[in-house]
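Structure record follows, encoded as structure tokens.
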Amino acid sequence: MQNLETNRLILRNFTATDAVGLLEYTANPRVNCFMDQRISTLEDAAAEVTKRSSDDAHIAVCLKDSNELIGELFGMREGRDTDTDTDKDSNSDTYSIGWNFNGRFEGKGYASESASAFIEHLFMEQGIRRLYAYVEDDNFRSQKLCEKLGMRREGLFLEFISFVKNEDGTPKYENTYQYALLKKEWLAQRELQK
């Protein structure tokens, strides 16, 4: 992907120098949806950044002044076959987005700054018509971020997905909200902000 810059951040593909930063926020995931992506060694983190370096679905979010990795944005055009990593319908105009940030950088507005730039890129450069995000009902920070980004809550899926197990070994199902934003809604919100 082309690099995107904001006032304080650079959004770019992952590079080998990102391994330590990736390990820092993936070693102990703070929300259940990232448990299956847990990385526990620097060697595994190095392998993962190598894999992600050629994958535009994962975008490194870095501080502009130091190039330090502070988190990531990720997304996928709807219709993408995750088994073969190819587009079933490359003309799809719907895109799923998400984020995962290092807790050490929380509360500074980096998530909203980077996600806003990513959303603008998707709508204005990639021709996306509709974005959506899934957020667990106990992930209040991501819910707040969706709302700050102008996304609307479309619905709640009860016991939608399981990322972890209960103490007895049975799946623990998560209640999950879906947030969405249409390009025309985003454009109207931008007009109001002028």
Heavy-atom closest contact ([X] atom, [Y] atom, distance):
| X | Y | value |
| --- | --- | --- |
| Ser112 | Leu149 | O-CD2, 3.9 Å |
| Ala19 | Ala45 | O-CB, 3.4 Å |
| Asp55 | Ala57 | OD1-N, 2.9 Å |
| Asn175 | Leu158 | OD1-CA, 3.3 Å |

According to the salt bridge (charged side-chain N to carboxylate O under 4.0 Å, His left out) rule, which pairs have a member within residues 151-163, sequence neighbours left out?
-> Arg130-Glu154, Glu147-Arg153, Arg152-Glu154, Arg152-Glu185
Qualifying salt bridge (charged side-chain N to carboxylate O under 4.0 Å, His left out) pairs, either residue in residues 25-37, two or more places apart |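 Qualifying pairs, neighbours excluded: Arg30-Glu106.
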Polar contact flag, side-chain donor to acceptor under 3.5 angstrom, [X]-[Y]:
| X | Y | value |
| --- | --- | --- |
| Glu78 | Tyr132 | yes |
| Thr17 | Thr15 | yes |
| Glu113 | Thr6 | yes |

Please check: side-chain N/O of [X] versus main-chain N/O of [Y], any donor-acceptor pairing under 3.5 Å?
| X | Y | result |
| --- | --- | --- |
| Ser142 | Asn139 | no |
| Asp168 | Thr170 | yes |
| Gln189 | Gly150 | yes |

ring-ring contact (aromatic ring centres under 6.0 Å, His included): which pairs involve residues 106-131, sequence neighbours left out?
->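 Sorted pair list: Phe123-Trp186.
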Can you tell me how far apart [atom1] ([X]) and [atom2] ([Y]) are? Round to the nearest 0.5 Å.
| X | Y | atom1 | atom2 | value |
| --- | --- | --- | --- | --- |
| His58 | Asn100 | NE2 | CG | 10.5 Å |
| Ile70 | Ser114 | CD1 | OG | 6.5 Å |
| Met124 | Ile128 | CE | CD1 | 13.0 Å |
| Glu43 | Thr41 | CD | OG1 | 4.5 Å |
| Leu187 | Leu192 | CG | CG | 11.5 Å |
| Arg77 | Thr94 | CZ | OG1 | 9.0 Å |

Please find out if less than 6.0 Å separates the ring center of Tyr25 from that of Phe34.
->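 No, ring centres 6.0 Å or more apart.
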Student check: side-chain heavy atoms of [X] and [Y] closer than 4.5 Å:
| X | Y | answer |
| --- | --- | --- |
| Met1 | Ile59 | yes |
| Glu136 | Gln143 | no |
| Ile97 | Met76 | no |
| Lys64 | Arg8 | no |
| Arg52 | Leu22 | yes |
| Phe14 | Leu69 | yes |
| Glu48 | Ile39 | yes |
| Phe101 | Leu73 | yes |

If you draw a 6.0 Å radius around CG in Asn28, do more than 12 non-hydrogen atoms from other residues or ligands fall strictly inside?
-> no
Given Tyr134 and Cys146, is the side-chain contact (heavy atoms from CB on, under 4.5 Å) satisfied, shown in steps?
-> CA-CA 10 Å; Tyr134 291 126; Cys146 285; over 6 Å; no
Ion pair check, Arg12 and Asp18, cut-off under 4.0 Å =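 So Arg12 pairs with Asp18 through a salt bridge.
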Evaluate side-chain contact (heavy atoms from CB on, under 4.5 Å) for Gln178 paired with Leu156, printing each intermediate quantity in order.
-> CA-CA 6 Å; Gln178 179 171 304; Leu156 173 64; over 6 Å; no
Intermediate values then yes/no, side-chain contact (heavy atoms from CB on, under 4.5 Å), Ser116 and Ile119 | CA-CA 5 Å; Ser116 292; Ile119 288 170; 5.8 Å; no
Can Tyr179 and Val135 be said to form a side-chain contact (heavy atoms from CB on, under 4.5 Å), step by step?
-> CA-CA 8 Å; Tyr179 285 84; Val135 180; 4.1 Å; yes
